Every structure is written in structure tokens, then in C-alpha cells.
Amino acid sequence: MAIRAAAAAVRSIQEGTDARMERLGRAMLRARLLEEKLGSLYRAGRIVGGVYLGRGQEALSGAGGVALRKGDIFAPLIRDMAGRLAFGEPMEDALRAYLGSRLGPMKGRDGNIHRGDLSRGILPMISHLGAMVSTLAGVLMAKRMKGEKRKVGLTCAGDGATSTGSFHEGLNLAAVERLPLVVVVADNGYAYSTPNERQFACADLVDRARGYGVQGHSVDGTDPWVCAEVLQGAVDRARGGEGPQLVVGKLLRLCGHGEHDDGLYVDSKIQRSERGRDCVQVMESEMKKRGSGKEWQSWRAEAQAEVEAAVIKVSAEPVPDPFEEDWSATKSGSEAEESGSS
Amino acid sequence: MAIRAAAAAVRSIQEGTDARMERLGRAMLRARLLEEKLGSLYRAGRIVGGVYLGRGQEALSGAGGVALRKGDIFAPLIRDMAGRLAFGEPMEDALRAYLGSRLGPMKGRDGNIHRGDLSRGILPMISHLGAMVSTLAGVLMAKRMKGEKRKVGLTCAGDGATSTGSFHEGLNLAAVERLPLVVVVADNGYAYSTPNERQFACADLVDRARGYGVQGHSVDGTDPWVCAEVLQGAVDRARGGEGPQLVVGKLLRLCGHGEHDDGLYVDSKIQRSERGRDCVQVMESEMKKRGSGKEWQSWRAEAQAEVEAAVIKVSAEPVPDPFEEDWSATKSGSEAEESGSS
Amino acid sequence: MSVTYLDAIRSAQEKALASDPTVFIYGQDVGRFGGAFKATKNLAERFPGRVIDSPISEDAMVGMAVGAAMEGMRPIVEMQFADFSTVGLNQMLNHAATTYWRTGRTCPMVLRLPSGGTPGSGPFHSQSMEAIYSHYPGIVVMTPATVEDAYTMLLEAVEMPDPVVFCEHKLLYYHLKSDHLPESAVPALRAQVVRAGRDVTCVTYSAMVHEAVAAAKELVEEGYEVEVVDLRTVKPLDTDTILASVARTGRLLAVGESWPWGGASAEVVARVAAEGFELLDAPPKRLNAKDTPIPYHPNLWAAHRPTAVRIAAALREVLRY
Amino acid sequence: MSVTYLDAIRSAQEKALASDPTVFIYGQDVGRFGGAFKATKNLAERFPGRVIDSPISEDAMVGMAVGAAMEGMRPIVEMQFADFSTVGLNQMLNHAATTYWRTGRTCPMVLRLPSGGTPGSGPFHSQSMEAIYSHYPGIVVMTPATVEDAYTMLLEAVEMPDPVVFCEHKLLYYHLKSDHLPESAVPALRAQVVRAGRDVTCVTYSAMVHEAVAAAKELVEEGYEVEVVDLRTVKPLDTDTILASVARTGRLLAVGESWPWGGASAEVVARVAAEGFELLDAPPKRLNAKDTPIPYHPNLWAAHRPTAVRIAAALREVLRY
Ligand SMILES: Cc1ncc(C[n+]2csc(CCOP(=O)(O)OP(=O)(O)O)c2C)c(N)n1
Ligand SMILES: Cc1ncc(C[n+]2csc(CCOP(=O)(O)OP(=O)(O)O)c2C)c(N)n1
Ligand SMILES: [Mg+2]
Ligand SMILES: [Mg+2]
């Protein structure tokens with residue numbers, strides 16, 4: 001098994017790495033720049049509620065999005081702007097959620113990270129951590145029953161989310177059903193302010209894989225090349241019928257839990273360690289080292305232009321109007337009202 | 001660590017095995033005979049609701065009860081008559097729960113397996129599987145905060161219960177707090193009718209120990225001597241500050257899920273395998289082999305007499321009277337009523 | 001032929017599986033074993049791969065159904081007992097129920113809850129949870145009282161575009177019988193006058209309908225005609241039918257097997273008081289279970305829940321005002 | 001000095017920790033970080049080992065507290081948002097709440113729920129869950145509306161022998177201020193007339209008390225005197241105080257920020273209709289949030305919840321009957 005996988009990895013490195021790394025690098029940059037813009041909009045008071053960024057986690061998240069194909073399903077969590085953009089969420093939809101545009105898939109009814117569009121293969125998350133694992137498993141069960149083959153589901157979680165009963169039940173169910181599900185845990189050392197040692201007692205969260213009877217993979221979440229390779233491997237294995245895959249990436253959240261949080265509780269020793277590296281900088285300097293600095297600069301410029309255009313566009317979009325709103329939480333309710341029989 | 005434990009095991013075998021095995025053997029017999037009586041009472045229509053037996057699981061369950069000391073806490077589950085009796089639950093209390101006696105700790109308000117008496121160190125279970133793990137962890141946290149040292153908590157679960165979010169959250173919490181908690185999983189191959197392969201995908205549930213960062217122990221649940229030794233070892237380690245212990249025993253439920261269930265879904269191959277041995281018979285024949293057949297017979301006779309006396313006694317006890325009942329679910333509610341201000 | 005309430009539920013599921021390939025059943029022991037109450041007996045054999053045993057993971061069971069429903073399937077999830085649905089509640093209240101309004105995508109699934117008290121079933125195998133599910137927006141909550149309704153309403157539940165909580169009453173499973181399954185159906189979202197009367201309206205649902213009818217019969221001897229309204233579905237509530245009945249009788253008793261604080265009976269009384277105030281000739285009254293856990297011992301249980309005797313007493317109070 | 005509603009909650013916890021060694025606090029990020037809303041700021045430093053960070057495990061958090069409470073401690077559990085308590089609900093409804101009646105042993109614990117809507121907080125960070133907790137027997141549910149009540153009721157909650165759900169309103173955390181913490185307390189289980197009036201009674205609780213008072217002020221100009229009753233605790237409900245007020249005014253509006261089906265407002269109206277029917281000169285009315293998830297966009301949110309303007313409009317309807 002291990003040998004076959006390694007061979008597959010080498011082959012894929014030869015064939016598609018450059019294109020894949022370009023997709024990843026671009027997604028990382030687009031996410032980073034869009035999120036920086038979201039931070040400014042928040043500080044300018046243009047976003048109500050909260051802003052939750054994935055700074056420092058773009059490589060791991062983006063690699064998940066890059067590893068998927070059209071027709072696959074992505075169930076992102078809080079810090080997955082890069083994965084979303086890589087998988088095909090339009091920047092506009094991210095902005096629409098935050099700015100409450102009526103034209104976004106959430107129509108201003110839900111906002112910020114609680115967004116998605118299943119017609120694009122992206123499940124809209126609910127806040128309750130761990131909940132999306134079983135939901136994604138359900139999508140995959142449905143696809144299996146409908147006879148749709150070789151479709152993979154990938155979902156993300158933090159170290160903290162692994163403590164939820166939902167996470168456990170969902171992953172166990174997926175393992176029993178041997179579903180093509182990849183669960184990516186971004187272990188950034190903290191859940192809000194709570195450090196790993198108050199969250200779990202195992203040496204490494206990847207140690208849980210065996211207990212679920214699934215394959216486990218560790219990855220340095222600060223290294224885009226390693227992330228791309230490991231995530232692609234996990235997705236391929238899931239697609240190949242090897243059942244759920246648990247990928248655990250180590251990295252650091254290079255921002256607060258939300259933009260209201262200064263994150264001062266993070267241990268400065270970890271910040272200065274390898275784990276505290278900024279994956280975007282890692283990629284930039286490696287690109288420069290490889291003589292591709294210019295390419296990187298052009299990706300960045302294009303991303304910046306895209307962000308600016310998207311902000312201008314979405315800022316001009318209408319916000320919801322309570323008087324035009326359909327206040328029916330059920331479809332049968334709406335129908336009843338339409339037919340005048342409420 | 002392993003060496004120290006082995007040495008301790010040898011020492012305890014030399015010093016206290018015989019007494020311990022007598023306690024275990026007696027508990028197993030008392031449980032078996034009491035449960036057979038409960039079955040008859042049920043079939044005779046004297047018990048309303050259901051009857052849930054632990055036939056075949058007496059060695060593992062009883063060994064847990066035997067390994068504990070006064071001052072420890074036991075949180076039994078469905079099939080733990082042997083553990084309860086070994087730890088000190090009076091037979092009468094078991095019967096009172098089933099027959100709804102007003103004099104039992106549950107006063108007819110709750111019944112059958114949903115019984116306990118914290119003044120004896122036994123937590124009354126709620127039905128929701130997995131729920132008692134965190135509750136017992138809470139008792140142990142309280143004891144630690146109150147400065148009560150070297151008190152162990154032991155709780156039981158089935159293979160099916162390990163799939164609950166509660167089980168996961170509770171064990172993880174206990175591991176983070178490094179509590180002196182022993183979790184005994186009786187893997188009897190089935191959860192009601194559902195076989196292991198529809199419940200989990202790992203090779204062995206003990207593989208989960210590492211993912212929780214706790215020590216794991218496998219045990220042949222049909223062998224009373226092995227059960228006694230492994231359970232005592234786990235309890236001693238917990239008491240010694242080594243944190244939570246996960247014990248997984250393999251065995252078979254030699255009865256239906258409840259007495260209404262014929263259990264025909266159980267694979268006859270497993271029934272004929274080692275796993276399907278009856279631990280009570282195993283102990284009986286081993287005792288005979290060792291020349292202690294008479295002793296065994298006397299234990300059995302004493303147990304039988306105890307069962308009969310208890311049934312006569314409890315059958316004569318009053319049942320609850322709705323007109324005398326205090327129908328206040330809160331203590332402040334009762335107090336308000338007492339002071340006439342409802 | 002004689003069909004029980006449980007047969008009706010089994011038959012409805014069989015029909016749904018046969019007529020719609022997107023329907024499947026998921027739950028503990030629902031497969032070969034046929035479920036704890038045998039509501040899915042033989043269905044796994046007849047529909048291979050579509051009647052699936054789940055692990056003991058209520059949260060994941062419901063979460064799975066949400067995902068499958070969003071992806072175009074129509075899952076039916078069986079809880080072994082309604083009481084255990086508390087551990088799957090979040091996926092129902094915050095995921096299934098919010099999906100349509102938040103995302104515009106429907107989430108057509110049915111959560112079957114074996115509900116209500118039976119002798120000796122105690123605090124954790126007796127609960128009626130309709131109040132919890134009805135309080136949150138986005139869920140239809142059905143509480144059938146008859147063999148016919150168990151059948152036709154479950155079929156309608158499976159076809160609805162919304163998540164439906166289907167509260168079956170365990171006490172009716174085996175005892176309640178009918179001659180045959182119905183050919184036609186009263187729409188599930190409509191309440192129904194199951195016994196006409198001019199003196200007082202008794203609004204109730206599920207097993208209590210039978211207690212109410214028994215109470216009504218008792219009161220005939222005293223010269224009273226009690227109109228019994230079966231809500232059938234408690235969310236949304238068919239206020240029109242209730243008000244029309246109160247308009248006829250001028251008096252109201254609302255009965256629920258669940259606890260008193262804020263359940264269906266409070267909702268009924270609050271609506272009638274607000275929207276039908278002038279129709280009332282006497283104070284509306286409520287009768288519910290006592291506000292404690294549901295007792296194990298049959299003596300206590302019989303005193304804890306509303307019964308025909310207690311309903312008759314409450315009706316007399318309303319009548320004699 | 002000026003004390004916010006949040007300060008009051010923090011101070012009450014500080015006082016409880018200082019005066020009772022069995023009190024401890026458990027929750028996500030409550031330790032050194034001081035909690036998501038800073039309700040436990042500096043408490044971990046002052047009370048080492050007694051303000052404890054939990055994993056993200058609401059079920060186990062509540063379950064742990066149940067065990068600790070049964071063993072003689074008085075845990076305070078903080079949920080990061082009320083909305084997440086759905087995943088800890090089972091331990092509260094089926095374990096904490098049943099323990100006293102089932103076993104005779106008390107389970108004195110407090111579950112703190114940061115509740116209610118704020119602009120932009122959306123479907124999963126805005127919920128008011130008092131109806132869910134109140135429906136099940138065995139729990140006291142407090143919903144303080146003022147700085148003073150936040151302080152004295154939390155202290156009383158910690159001292160109670162029963163499990164208490166303490167619904168704090170996030171909208172009041174920072175904005176609501178008082179000069180100082182109170183010396184004496186109105187008993188937590190009593191409702192209170194917070195504004196006297198002779199024309200109509202507006203019964204409400206939590207943040208809606210302030211909206212109701214604002215509406216009452218608005219109606220002064222129109223010549224109406226609105227009496228505002230703050231329930232303070234919604235389970236058990238202080239029916240006497242409500243009825244006494246309705247006896248004075250003859251009219252009732254019950255307002256809740258939660259959803260319309262079966263919440264506190266239904267319970268209030270149902271009780272008044274049943275027990276105070278003859279006191280009413282007009283149909284009692286209810287006002288609640290709309291029956292959809294709580295919207296993210298402030299425009300929608302403002303239309304979704306009851307506000308002073310909408311309360312005033314509802315009061316006018318009741319008054320003009
Ligand atoms: C069930 C549940 N409890 C609490 C929360 C509140 N909450 C949101 S994010 C968060 C921390 C998550 O930590 P982690 O999973 O490590 O992800 P990270 O933020 O580090 O990316 C918490 C506690 C929640 N969303 N869901
Ligand atoms: C949360 C929850 N879901 C469902 C049930 C119903 N139930 C009671 S026992 C049981 C099977 C338990 O199987 P296992 O844990 O393997 O224990 P065993 O019966 O084999 O001893 C089930 C499903 C329950 N009690 N709790
Ligand atoms: Mg984290
Ligand atoms: Mg089992």
C-alpha cells in the first residue's frame with residue numbers, strides 16, 4: 001500500500017506539479033489579499049458582526065481545494081478562504097456573505113464564514129463545530145446511492161473541533177461506510193485561546209486515525225509543496241476506494257481568532273518556531289529561489305486587482321429589504337402562503 | 001512502566017488472589033442467579049417494562065467491582081449486575097428498582113437498570129449511552145478539588161456506546177484532566193442486533209486508547225482470572241496517577257438485548273468460538289479442576305438463598321402511592337410548596 | 001384484515017421505498033432486525049442497500065440525513081426512542097431546520113420518533129418531544145393519532161420539501177387497529193374534528209385523542225356533548241379548525257401528554273385567547289402531564305399523565321363555569 | 001463608578017468563588033483568557049485551579065458539571081454562546097434536570113448562556129433558548145434584564161439546590177450600566193413590576209424589558225400608561241405578579257425575543273387566559289420574533305425581533321380594542 005502510494009505521488013509530481021502549484025499559489029495569494037481587505041473593511045465598520053481569517057493556513061486549506069475536482073464536495077470551516085477560492089468559490093460570494101449582499105447565495109440571511117453553495121459543490125457550514133463531518137458523509141452516501149462514482153468529499157476542522165462528539169460520530173460513521181471522505185485537521189495549536197494541552201492528551205491528533213480504522217497522514221502545514229502532495233495523495237486514495245483519510249497539518253494561526261482578538265495568548269516560542277512560519281512567505285521565497293519571483297509577483301498583482309474589482313462590484317449590490325423578504329422557514333409554509341391558505 | 005506493573009501484578013497474585021477470586025466468583029454467581037430470577041419474574045408478569053441482563057459478562061463486570069475499594073465510584077451500565085453486587089449494591093436495591101419498591105433508592109420513580117445510590121458510591125445511570133463517562137469524570141474532578149486523594153472511578157460501556165459523541169467527549173475530557181478513571185468496554189460483538197462491522201471500522205476498540213492519550217488494555221472477557229488481574233492492574237494504575245485507562249474485553253452477551261429479545265441475530269460461529277464461552281462455566285470448571293468444586297457449590301447455594309430471601313423481602317415492600325408522592329422536580333419547588341408559597 | 005398503527009407505519013415506509021428511489025431508511029437496528037419496534041420489518045430484504053443500520057450516533061445520523069437530503073435524497077431516520085433524539089437535536093434544530101431559509105435548498109427528511117409513555121418505560125423511554133421541535137422555525141411536526149393518519153401522514157411527510165419530525169405514539173403501536181389502510185387522506189397540515197359536540201371543544205393530539213374521546217363518551221351520560229379536535233400536526237398549527245370549533249362550543253380544553261410549560265397546549269390556548277377571545281364563554285383550560293420526569297412505576301405513571309378520567313374532570317370544570 | 005451588566009456577571013462569579021469553596025467555573029477559554037466575552041476576566045488568576053478551560057465538548061462539559069454537583073460542588077458552566085448548548089442539552093435535560101426527582105440527590109449547578117441577538121451575529125450566535133430549557137421539568141430558568149438582577153440573581157442561582165439555566169443577554173453586556181452593584185436583592189423567583197401603569201400590562205423579560213419600557217414611554221404621549229412586568233425568571237413563572245397586574249389593567253401583551261411557537265409568551269398568555277379570564281377586558285396578545293432563523297443582516301434582524309416600535313404598535317392594538 002505504502003509503495004503504491006509513493007509511486008503514485010512521484011508520477012503526479014512529474015505530471016502535474018507545476019500547474020497544481022500555480023493553482024495553489026494563486027489561491028493562497030487571493031485568499032491572503034482578500035482577507036486583508038476584509039480586515040480593513042471590518043475596521044472601517046463596513047462589516048457588522050465578526051471577521052474570521054485563515055492567515056497562515058492558506059497552504060493547507062488551499063491544497064485541499066486544489067486536490068479536489070469539479071463534482072467533488074467541499075465542506076470548509078472557519079479558516080478556509082484559500083480552499084474555497086481554490087475549489088471555485090467566487091471572491092464575490094465571500095464578499096457578499098460578509099457585506100450581506102442580497103445577490104449572494106446567503107442573501108444576507110446568513111453571513112461571514114457561514115456560506116456556501118451546493119450547486120458549486122460547497123456545503124454552507126453551520127457554526128457548531130464538528131457538524132459538517134456527518135453532513136458531508138450524508139452527501140457522499142447520497143452520491144453512492146445515486147450511482148455517482150469517484151466523487152470525493154473533503155472537510156476541514158481545527159484541533160479544537162476534534163473534541164466534539166459530532167466530529168467523532170461523523171468520522172466513525174464515514175469509516176463504517178468506507179466513504180470517500182477526507183478530513184483535514186488544521187492543528188494550529190490553539191482553539192481560540194485554548195492550547196492543545198487543554199484540548200487533548202494524545203501525542204499527535206493523527207494518532208486517532210487508527211482508532212477510527214482510517215488512514216492517517218501528517219503534514220507540515222507551513223510548506224505548500226508538502227501540503228499539495230499530501231492532500232492530493234489523500235484525495236486520490238479516497239477516490240480510489242481506500243475509505244476515509246485523516247490529514248493532520250501542524251501550523252499556526254497568524255492572526256486572532258477573529259479580527260476582534262489580538263491573539264496575545266499564543267506562545268511566542270511557537271511563533272518563532274518552524275510551526276510559526278508564514279506559508280505565503282515560504283512559497284514566495286522558494287519561488288524566488290527557483291527563479292520564479294516574477295511569476296509570483298504577477299500572481300499577486302492579479303489577485304490584488306481581482307480583490308479590488310470584487311469589492312467595488314459587491315459594494316454596489318443591494319442589501320436585503322425586510323419588506324420584500326420571504327419570512328417562511330419552510331417551503332411548505334411559503335407554498336401555503338402563495339396559495340393564500342396561511 | 002510495564003515491568004513495574006508486571007511485578008505489582010505478581011505480588012498481588014501472591015498476596016490477595018484467592019480472596020479476590022472468591023469475591024469475584026461469588027459476585028458472578030450472585031449476579032447470574034439474581035438475573036435468572038429477574039427473568040422469571042418478568043415472564044411471570046411481575047416486572048413491568050423491560051429486563052436487561054448481563055449473562056456471560058459477569059467476569060468482566062464483576063472484576064471491575066472487585067478491583068474498586070470503598071470510597072471509589074462505580075458508574076455501571078446495562079449489563080453490570082455482577083459489578084454492582086461486587087462493589088456493594090445490595091441485591092434488594094436491584095430488586096427494588098425492578099419491582100418499583102418505594103423503599104429503594106429510586107422509590108419507584110425510576111426502574112430496572114436505571115438505579116444507583118451515590119451514598120454507596122454508585123452513580124445512577126441515565127439511558128443515553130456514553131453520558132456517564134463525563135459525569136463520572138465530574139465526580140472525580142470534584143474529589144480532586146475537595147482534596148480527596150487516591151479515589152478511582154470506573155465506568156462501563158458496550159461496543160455500541162463507543163460510537164456516541166458523549167463517550168468520546170467524556171474520555172477526552174478525562175484524559176486532558178488526567179483523571180483516575182477506568183473505562184471498561186465490554187465488546188460483546190453486538191449493539192442490540194448491530195454487529196461490530198456496522199459500529200466501527202478499527203481492528204480493535206483498544207486501538208482508540210492511543211488517540212485519547214490513555215493506556216489501553218485488552219482482556220479475554222470470558223476468563224475470570226484474566227479479568228480480575230487486568231482490571232485490578234488498570235484500577236491500580238489509575239489510582240497511582242497514570243491517568244485514564246481503557247480496558248476492552250471481548251466476550252458475548254449470552255442472552256437477548258432484553259428479555260423480550262431472542263437474540264437470534266447473533267452469529268452461531270461466534271457463539272461456538274472461545275468468545276462465546278460462559279465465564280461462569282469457565283470458572284466453575286477451573287475451580288473443579290483445582291479441587292475447589294465444593295467451595296463453588298457452597299457459594300452457589302449461598303447466593304441462591306440470598307436471592308430467594310431478597311425476593312421475598314422486596315416483594316412485601318410498599319409500592320409508590322401517587323397521592324403521597326412529592327411531585328416537585330426541583331428542590332426549590334418543594335421548598336416553595338412546603339412554605340405554602342407555590 | 002386488521003392493521004395496527006405500527007403496521008401502518010411499516011406499510012407507509014414500504015410504499016415510499018417502492019415508489020420513490022430517493023427514499024432510504026437509516027437507524028439503529030432498522031436493517032435485518034427490522035428495528036426495535038419492528039417498524040421496518042422485512043424492508044431491508046425487500047430494498048437491499050436502502051434500509052441501513054447506523055452506529056449509535058444520533059448526531060451523525062441526523063447530520064448524515066441532512067447531507068443526503070441536500071443532495072437530493074429523502075432519508076427517513078428512525079430514532080430508537082424519541083428520548084434519545086436530544087443527542088441528535090442540534091443537527092435537526094440548527095442544520096435541517098435552517099437549511100431552506102439560509103440557503104434556499106430544501107432539506108426533505110423525516111425523523112421518526114417513537115414517543116410517549118407506556119407502563120414501566122420510565123423517564124428515558126416515554127418522552128413526547130413535539131414542543132422542543134416545534135419551537136424552532138423550519139420543521140413540520142406531525143403527531144398522528146390513528147392508524148389511518150399514521151399511514152397517510154407518513155407518506156405525506158416523506159413527500160414534503162421540509163424536514164418533518166414524525167412523532168409516533170408507542171402506546172398505539174400494537175393496540176390501535178383498523179380494518180384496512182386508507183385509500184384517501186386528509187391533508188397532513190389540517191386538524192380534524194374527530195367527534196362533534198356543541199358544549200365544549202377538547203383540542204388534543206396523538207394518544208390523548210383516544211383519552212379525550214373516552215372522556216367525551218363518559219360525559220354523554222351527564223348530558224354534555226364534547227367536540228374533540230385532533231391537531232394531527234402541531235407545527236404548523238391549524239388555528240382555523242380550532243377557532244371554528246370554539247366558535248361552535250364557546251369553551252376550550254387543550255390536552256397534551258407532554259409537560260405543562262410552553263407546549264402545544266399552551267400554544268393552542270394562547271392562540272384561541274388572542275384570536276378567538278370573543279368566542280369564549282368560559283376560561284380556556286389546559287391539562288398536561290405533571291411537571292416531573294415520567295415515572296417508572298405504573299401507579300405513578302397513571303397519575304402523571306392525563307387520562308380519560310382526568311380529562312373528563314377538567315372538561316366538567318370548563319363546562320360548569 | 002459605573003458597572004455594566006457584564007461586570008455584574010463577572011463580579012457575582014467572583015463573589016461566589018470567594019465565599020464558597022465548592023464553586024468553580026468551567027468553560028471554553030474561561031481561564032487565563034477570561035472568556036469570549038470576558039465574563040471571567042482575572043478570575044483564573046485570583047482563584048487558581050477553580051476557573052478551568054474545557055475542551056470544545058459541550059456534552060461532556062455539562063455532564064462533568066452534573067457529576068461534580070452530585071458530589072457536592074457548585075459548578076458554573078459557561079457556554080460560549082447559548083446556541084452551542086444544543087449539543088450539551090441532553091446532559092442538562094435528561095441528567096441534571098432529572099437527578100433530584102429520580103435520586104433525591106440535588107444537582108446544584110449553573111449553566112450560563114450568552115443569549116439573544118446582536119447586529120450581525122446571525123442564525124447561530126443569537127438564540128434565546130429559555131423555552132427549550134423551561135419545557136423540561138427540573139430546571140430553573142432565569143432571564144435577568146438589569147445590571148442589578150444579573151448580579152443578585154446569579155448569586156442566588158449559584159446558591160440554589162437545583163440546576164439553573166442563566167440566560168444572559170449579549171446585547172446588554174456592554175451597554176447596560178448602573179452606578180453600583182446592589183446591596184439587597186429581590187428574590188430571583190419573583191417577577192417585578194418595573195414600570196407602573198393602569199391601561200395595559202406588558203409582560204416580558206431579558207432585553208425586551210428595555211424595548212417594552214421604551215414603548216411605554218412612547219405611549220405616554222398618546223395618553224396611555226403601560227405597566228411593564230419583568231418576569232426575571234421564566235421557569236417557574238410567577239403567575240401571581242402577572243395576574244395582579246392584569247387585574248389592575250385588564251389588558252395584556254406578552255413579549256418575547258424568541259420564536260413564537262410555545263415559548264414564554266405563550267405560557268404567559270395561556271396562564272392569564274386560564275386563571276385570569278375575568279380580569280381581561282380585551283384579547284391578550286403576543287409578540288415574538290418572526291418564525292425563521294435569526295438573520296445576519298442588520299436590516300433583516302431589526303425586522304425579525306420585537307422592538308420598541310413594534311411593541312408600541314402591538315400595545316396600541318390591545319389598547320384600542
Ligand atoms: C460546538 C461549538 N462550541 C463552541 C463553538 C465556538 N467556537 C467557535 S471557533 C472555536 C475555536 C475553534 O478552535 P479550532 O477547532 O482549533 O479551530 P481554529 O479556530 O483554531 O481554526 C470555538 C470554541 C462552536 N463554534 N461550536
Ligand atoms: C444515545 C442512545 N441511543 C440509543 C440507545 C438505545 N440503546 C440502548 S442499549 C443499545 C445497544 C447498546 O449496545 P452496546 O453499547 O454494545 O451494549 P450492549 O447492549 O451490547 O451491552 C441501544 C442502541 C440509548 N440507550 N442511547
Ligand atoms: Mg485550532
Ligand atoms: Mg455490545
Side-chain angles (χ1 to χ4, degrees), chain A residues 73 75 105-107 109-111 114-119 123-128 130-148 151 153 164-177 179 325-336 341-342, chain C residues 21-22 24 26 49-50 52-75 87-88 90-91 93-109 136-140 156 160-164 187-190 235-236 239-240:
Chain A
I73 302 286
M106 313 311 282
K107 302 195 211 119
R109 293 173 174 185
D110 206 343
H114 306 95
R115 67 183 191 271
D117 184 350
L118 198 48
S119 69
L123 273 178
M125 65 174 267
I126 66 166
S127 280
H128 300 72
M132 301 312 295
V133 182
S134 61
T135 308
L136 181 52
V139 174
L140 296 174
M141 298 254 302
K143 285 192 182 292
R144 180 156 74 192
M145 285 187 260
K146 292 192 290 180
E148 286 184 41
K151 298 285 163 63
T164 63
S166 299
F167 183 91
H168 170 73
E169 293 191 359
L171 182 48
N172 183 61
L173 184 157
V176 167
E177 293 290 343
L179 295 171
E325 197 66 26
D326 176 4
W327 292 102
S328 298
T330 57
K331 185 141 198 254
S332 44
S334 302
E335 281 163 1
S341 66
S342 150
Chain C
T22 67
F24 71 99
Y26 194 65
R50 293 174 62 198
I52 306 169
D53 283 334
S54 77
I56 306 179
S57 301
E58 282 78 5
D59 179 272
M61 289 158 64
V62 181
M64 189 286 291
V66 171
M70 289 176 78
E71 184 64 23
M73 302 296 286
R74 293 186 175 264
V87 282
N90 181 59
Q91 290 281 10
L93 300 186
N94 281 312
H95 211 170
T98 65
T99 291
Y100 172 66
W101 202 73
R102 286 170 60 242
T103 76
R105 189 171 279 253
T106 57
C107 186
M109 57 176 283
Y136 269 62
I139 307 176
V140 171
E156 195 171 335
M160 287 192 86
D162 299 305
V164 177
L189 304 190
R190 285 270 155 262
K235 173 86 180 272
T239 317
D240 293 349

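Letters go in sequence order (proteins before strands), and every chain restarts at 1. Note that this is a predicted model, so its numbers are computed, not measured. Just the heavy atoms: all of them, side chains too, but no hydrogens, waters or symmetry mates, feed the values below.
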Nearest 0.5 Å, please: how far is [atom2] in [Y] from [atom1] in [X]?
{"X": "R105(C)", "Y": "L118(A)", "atom1": "CZ", "atom2": "CG", "value": "4.0 Å"}
{"X": "M64(C)", "Y": "L140(A)", "atom1": "CE", "atom2": "CG", "value": "11.0 Å"}
{"X": "H95(C)", "Y": "S166(A)", "atom1": "NE2", "atom2": "OG", "value": "10.5 Å"}
{"X": "W101(C)", "Y": "S334(A)", "atom1": "CH2", "atom2": "OG", "value": "11.0 Å"}
{"X": "I139(C)", "Y": "T330(A)", "atom1": "CD1", "atom2": "OG1", "value": "10.5 Å"}

Measure P55(C) against the heavy atoms of chain A and call it side chain, backbone, both or neither at under 4.5 Å.
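The side chain, not the backbone.
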
Tell me which of these, [options], has more heavy-atom pairs under 4.5 Å with chain C than the rest.
{"options": "H114(A), K143(A), R144(A), M132(A)", "result": "K143(A)"}
{"options": "E169(A), H168(A), E177(A)", "result": "E169(A)"}
{"options": "M141(A), M145(A), H128(A)", "result": "H128(A)"}

Count the heavy-atom pairs under 4.5 Å between each of N90(C), I52(C), T106(C) and chain A, then report the option with the highest count.
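Most heavy-atom pairs within the cutoff with chain A belong to N90(C).
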
Which atom pair, heavy atoms only, marks the closest approach of [X] to [Y]?
{"X": "A60(C)", "Y": "G170(A)", "result": "CB-N, 3.9 Å"}
{"X": "M160(C)", "Y": "S332(A)", "result": "CE-OG, 3.3 Å"}
{"X": "Y26(C)", "Y": "L173(A)", "result": "OH-CD1, 3.1 Å"}
{"X": "M73(C)", "Y": "A142(A)", "result": "CG-CB, 3.4 Å"}
{"X": "S134(A)", "Y": "Q91(C)", "result": "OG-NE2, 3.4 Å"}
{"X": "E71(C)", "Y": "K146(A)", "result": "O-NZ, 2.8 Å"}

Does R115(A) form a side-chain contact (heavy atoms from CB on, under 4.5 Å) with T103(C)? I'd like the steps, not just the answer.
CA-CA 8 Å; R115(A) 67 183 191 271; T103(C) 76; over 6 Å; no

Do R102(C) and P124(A) come close enough that some side-chain heavy atom pair is under 4.5 Å?
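Side-chain contact under 4.5 Å: yes.
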
Where does [X] contact chain C at under 4.5 Å (heavy atoms): side chain, backbone, both or neither?
{"X": "S119(A)", "result": "both"}
{"X": "D117(A)", "result": "neither"}
{"X": "L171(A)", "result": "neither"}

K331(A) with D162(C): basic N within carboxylate O range, under 4.0 Å
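A salt bridge is absent here (no side-chain N lies under 4.0 Å from a carboxylate O).
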
